[in-house]
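Worth knowing before you read on, the calculation uses all heavy atoms, side chains too, and leaves out hydrogens, waters and symmetry mates.
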Amino acid sequence: MNYRFQNLLGAPYRGGNVVITQNTQLISPVGNRVSITDLLKSQTTTLPLQSSSNIRRIAASPDGTFLLTVDENHRCHFINIPRRVILHRINFKNTVNALKFSPDGKFIAVAAGKLVQIWRSPGFKKEFFAFELVRTIADCEDTVTAIDWSLDCKYLLVGSKDLVARLFCVEKLKDGILNKPFLFLGHRDNVVGCFFGYDKKNTDQVNKVYTITRDCYIFSWGYSGNNDGNFDENDEGNSEPASPGTPKRDGEGNVNGESLGNVKKRKDFDGKDLGEEGYLHKRKWELLRKDGFMQSPAKLTACAYHRGLDMVVVGFSNGVFGLYQMPDFVCMHLLSISREKITAAVFNESGNWLVFGCAKLGQLLVWEWRSESYVLKQQGHYFDVNCLTYSPDSQLLATGADDNKVKVWTVSSGFCFVTFSEHTNAVTSLHFMANNHCLLSASLDGTVRAWDLYRYRNFRTFTTPSSRQFVSLAADQSGEVICAGTLDSFEIFVWSMKTGRLLDILSGHGGPVHGLIFSPTNAVLTSSSWDKTVRLWDVFEGKGAVETFPHTHDVLTVVYRPDGKQLACSTLDGQIHFWDPIDGLLMYTIEGRRDIAGGRLMTDRRSAANSTAGKCFTTLCYSADGSYILAGGSSKYICMYDVADQVLLRRFQITHNLSLDGVLDFLNSKKMTDAGPLDLIDDDDSDTEEGVDKQTRGKLGYDLPGSMPNRGRPIIRTKCLRIAPTGRSFAAATTEGVLVYSIDESFIFDPTDLDIDVTPEAVEDALDEDQPNRALILSLRLNEDSLIKKCIFSVSPLDIPAVASSVPYRYLQRLIEAFSDLLESCPHLEFLLRWCQELCKAHGNSIQQNSRNLLPALKSLQKAITRIHQDLADTCSSNEYMLRYLCSSTNK
């Protein structure tokens, strides 16, 4: 019941910039969430935080503790990464195109429209308003696109769309000194990146500036060595020499009113400070060289600079990236990733890894340029995910989508390890076979394919005499028979798994067969169709339809309870019907229209409360013990119902992303015009190549004329729901990607049999008195995880049979869950396996009789043991081969 968001699969990157902290932590925005990938452990996690819309820009503090995110609505979150909490919030008034922490982490430079704002960075202390605006720079004539700090945090390099890069001094200068920026001119297109270059001998000394433009040119600037940093008074072009003791004159020759004290201070300042250290923006910079990347007509879309290696990496709109050694502009690598625009490019701190992002493909790459090998290569589905399924051991998750691909993910790491692309049309249904190493997929291309997860190949293809479009798939428990339902001919095709031959064609439905499932306990096939019926078929006897359950509306999907004694189906009127498949009786009905209702489309003329669109469940899934059921559809909610009492237990809102349609319940009437909603009017006349585009992946399938009424704005919905066989997590295929929810790992005080004498002190006393049996039962009654594990390890191996037989049956589930948790991380393998063996010996009969309630815990235990067995088998076989080799070599 206590499910919380754990991870987001199927979408490693959606646009915006990416950053690397601590040399190996890759942080990337995914829609309105943030994912963190550990490149050493090959593990990705998504922070349980959401912005109000898609994230445009992120920046990380130098120590990797804080993260700043800014979304399309200019709303900014200041996040503590280790604690995964939002510390502060602030709204900016303009679109933020660049964002960067100062090298010492004390300041944040924000490019908001034409302005550059410098804010004092918040810390750990509690403050009423943590952000303090230190300075606003308003010298730019057009939108600011790039920012770079100097290492001493005194200077800021700013590039903008007015074809100029400017060098600012951040700190306030003494009275009477003009703090005007130096202008780097001569660019013929927008400045995409600007960077400080440093002296190789004195690494803190700035001696170069690089500016990179959108028309594929890089400018190298340096200052003349004659200038010692003393600035002239001829900033306005006057040729008269500087006079330290003379009051400053303005352009008309009028003497500015300055006190004598100021003049004296100015003299002291001139004589002492500026002779020792000069101001960078007062030096005479000159263009050293201008080099072209020779990629026209493509545009330069992303760039990064590594000051330690003095190297520049650039990405172009044609999918090509280049790595160049500066200042001589030597091309180290020039390679093509794809045909789509590269939207992000960045170095890691040591400079050996390059990170590239392609928003349109949802692709994220980490490339080691010295060895020319991939460290990370992840790509999400191009379109929405249609279907998903868990493997029997809950370790793998397979997804199928409209991009004709099947991807298999490791749930624990969040990584996709294999992609199958043989289908030529959308994948509509998936099914894992019981052996855990075979995956079935059905597609609209008229084929059902079987995939081998050992050799990663398509080893069998099931077809029909004439082409059909498959939308549902099922296999019996033995794995001998494969069934698929069609969209166009309303038939069910039956094949033999061993031979691949078509055995039978089941006819009788009068509409598309969208639901198909075998009973978990017998060989009865159940199908649901838009002809308002659920039919039971005896496939092996060949009797055809055994029984028909009629409904008043179209049946959208059907599922079995894990014990096979109940089936549930959802209908178009928003109801869930529960049937007894043995007696053929209707057991319960849940009215879910009001529960799933919520969210209004931009084009809706009716309010969310009065609209009937989308008020039905298109996917259902029973829990592992069958006590509750999850339901989802064309809505922002996933509903959890108690089956016995037919009550709504909980609603999960899958997203708060306002960039998607159907999230808001009430639309702002101010945004409604005669031409339609303001958000759907395309008044953006800027070039799509510049900056970060609006999220386009969600609307790629709707670009055909008349295909969508709201011009392709993505609509939030849940297409498929599956609960893991262990019952510890469930996955939902949504518009945002595959959301994985798991039972929260934090401690929840849930005493099962509490008394005044049952306390942690009583457990400790029993352990001190060498009574492990009593201590274990007290800890189980208290239901505190740490105490239970402590009591388990306090039992000596010889006493395990006696203690195991004395544990009451009602505590078995809690004890098995503790063992499955310990097996994941504990080194005492033989000790824990001995415990499991003795528990099964002592309580085997009770476990068998109450298998339905204990099934989730037992599957978790099986999952842990299976994983350890695989690891040990690999190690043992490797050692065996090594010993054989050593023995054979010694004999020679």
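Between F652 and Y3, the ring planes lie perpendicular to each other; the angle is over 60°, past the 30° to 60° tilted range. Between H828 and F793, the ring planes are perpendicular. Angles over 60° get that label, and only those under 30° would be called parallel.
When every heavy atom of E817 is checked against every heavy atom of S820, the shortest pair comes out as O-OG, 2.8 Å. Annotation for A426 and S443: closest pair O-OG, 2.9 Å, computed over non-hydrogen atoms.
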(request) Could you walk me through whether D563 and R561 pass the salt bridge (charged side-chain N to carboxylate O under 4.0 Å, His left out) test, one step at a time? (result) CA-CA 6 Å; D563 62 355; R561 199 168 70 181; 2.9 Å; yes
(message) Please determine whether ring-ring contact (aromatic ring centres under 6.0 Å, His included) holds for the pair W835 and F819, giving the CA-CA distance in whole Å, both sets of side-chain angles, and the decisive distance to 0.1 Å.
(response) CA-CA 8 Å; W835 257 109; F819 286 135; 5.5 Å; yes
(message) Walk me through whether I777 and Y811 qualify under side-chain contact (heavy atoms from CB on, under 4.5 Å).
(response) CA-CA 8 Å; I777 294 175; Y811 301 133; 4.2 Å; yes
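Judged as a side chain to side chain donor-acceptor pair (under 3.5 Å), and not counting sequence neighbours, the contacts of W451 are S441. Annotation: salt bridge (Lys or Arg N to Asp or Glu O under 4.0 Å) contacts of R83 (sequence neighbours excluded): none. With sequence neighbours excluded, no residue forms a ring pair (Phe, Tyr, Trp, His ring centres under 6.0 Å) with F432. Residues passing the salt bridge (Lys or Arg N to Asp or Glu O under 4.0 Å) test with R370: none are found, sequence neighbours excluded.
For the ring pair (Phe, Tyr, Trp, His ring centres under 6.0 Å) condition, no pair includes a residue of residues 857-879, sequence neighbours left out. Applying the ring pair (Phe, Tyr, Trp, His ring centres under 6.0 Å) test to residues at least two apart or on different chains, none of the pairs has a partner in residues 388-408.
Side-chain rings of Y374 and W369 stay apart, their centers remaining 6.0 Å or farther from each other. Here W367 and F356 keep their ring centres 6.0 angstrom or further from each other. In summary, the aromatic rings of Y622 and Y560 are positioned with their centroids too far apart to meet the 6.0 Å limit.
Counting heavy atoms from C-beta on, the side chains of L833 and Q837 never come closer than 4.5 Å. Using a 4.5 Å heavy-atom cutoff, the side chains of I337 and K377 are not in contact. Residues F5 and V740 have side chains not in contact (no heavy-atom distance under 4.5 Å, counting atoms from C-beta outward). When side chains are defined from C-beta on, E736 counts as touching N32, because their heavy atoms get closer than 4.5 Å. When side chains are defined from C-beta on, Q862 does not count as touching D393, because their heavy atoms never get closer than 4.5 Å.
Judged by distance alone, the side chains of K407 and T419 do bring a donor and an acceptor atom under 3.5 Å apart. Side-chain atoms of T461 and N458 form a donor-acceptor pair, as typed in the model, at a separation below 3.5 Å. Judged by distance alone, the side chains of S878 and T875 never bring a donor and an acceptor atom under 3.5 Å apart. S350 and N23 form a side-chain donor-acceptor contact under 3.5 Å, judged by distance and modelled atom types alone. Using modelled atom types, one finds a donor on one side chain and an acceptor on the other under 3.5 Å when comparing S806 with N773.
Tested against L839, the residues I800, L861, L812 include a single side-chain contact (heavy atoms from CB on, under 4.5 Å) partner, L812.
Under the 3.5 Å distance criterion, the side-chain polar atoms of S61 are matched with a main-chain donor or acceptor of T65. In this structure, the side chain of T410 does not engage the main chain of S413 through any donor-acceptor pair within 3.5 Å.
In summary, D403 and K405 do not engage in a salt bridge, as defined by a charged side-chain N under 4.0 Å from a carboxylate O. Taking a cutoff of 4.0 Å between a charged side-chain nitrogen and a carboxylate oxygen, E838 and R834 qualify as a salt bridge. Remark: E784 does not engage K790 in a salt bridge, criterion side-chain N to carboxylate O under 4.0 Å.
The environment of E880 atom CD is dense: over 12 non-hydrogen atoms of other residues, nucleotides or ligands sit within 6.0 angstrom. The 12-atom threshold is exceeded at NZ of K789, counting heavy atoms of other residues, nucleotides or ligands nearer than 6.0 Å.
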